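As structure tokens, the structure follows; a few thoughts come after it.
Values in this document were obtained by computation on a predicted structure and should not be read as measured data.
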Amino acid sequence: MIKLSQVREGSIVKVRGGFGSEPAKRARVEGVDSNIKNGRPGIDYTELGATGCERWAYLDQVVEVETF
């Protein structure tokens with residue numbers, strides 16, 4: 001399980017969007033929050049690649065930190 005101390009703004013991560021139901025995608029962390037929603041930690045991120053979509057996710061949706 002990834003911890004808040006393992007990510008920061010600018011980190012490159014693999015995250016499963018859709019509350020964990022989507023395939024993992026590479027993303028750049030734009031913000032880290034100890035209470036992104038419902039008292040749970042999470043991140044704001046931008047998907048890398050063609051979409052460039054801005055999203056948020058609970059921290060437990062982050063499956064890998066590629067670059068701290």
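- With respect to the salt-bridge test (charged N to carboxylate O, under 4.0 angstrom), the residues R55 and E22 qualify.
- The CD atom of Q61 lies 10.0 Å from the CD1 atom of I36; values are rounded to the nearest 0.5 Å.
- Nearest approach of Q6 to V65, heavy atoms of both residues: O-CG1, 3.7 Å.
- Heavy-atom minimum distance, D60 versus M1: CB-CE, 4.1 Å.
- Ring geometry for F19 against Y58 counts as tilted: the plane angle lies between 30° and 60°, on a 0 to 90° scale.
- Cluster membership for L4 and V29, using ILVMFWY side-chain heavy atoms within less than 4.5 angstrom, is shared.
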Can E54 and T46 be said to form a side-chain hydrogen bond (donor to acceptor under 3.5 Å, both in side chains), step by step?
CA-CA 4 Å; E54 295 179 8; T46 301; 4.5 Å; no

Run the side-chain contact (heavy atoms from CB on, under 4.5 Å) test on R26 and E66 for me, step by step, so that the C-alpha distance in whole Å, both residues' side-chain angles and the decisive distance to 0.1 Å come before the verdict.
CA-CA 9 Å; R26 292 182 77 230; E66 289 185 9; 3.0 Å; yes

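- Summarising the geometry of V63 relative to A24, their closest heavy-atom pair is CG2-CB, 4.0 Å, with the distance given to 0.1 Å.
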Please evaluate residues I43 and D33 with respect to the criterion side-chain contact (heavy atoms from CB on, under 4.5 Å), reporting the C-alpha separation (whole Å), side-chain torsions for both, the decisive distance (0.1 Å), and the verdict.
CA-CA 6 Å; I43 61 169; D33 195 325; over 6 Å; no

Output, in order, the C-alpha distance, side-chain angles, deciding distance and verdict of side-chain contact (heavy atoms from CB on, under 4.5 Å) for S11 and T67.
CA-CA 5 Å; S11 292; T67 306; 6.0 Å; no

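- Residue-environment remark: CZ (R28) stays at or below the threshold of 12 foreign heavy atoms within 6.0 Å.
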Might you work through the side-chain contact (heavy atoms from CB on, under 4.5 Å) test for I2 and V7, ending with a clear yes or no?
CA-CA 8 Å; I2 305 296; V7 294; 4.1 Å; yes

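- Nearest heavy atom pair, residue A57 against residue V15, reads CB-CG2, 3.8 Å.
- Residues Y45 and A27 approach most closely at CD1-CB, 3.4 Å, considering heavy atoms.
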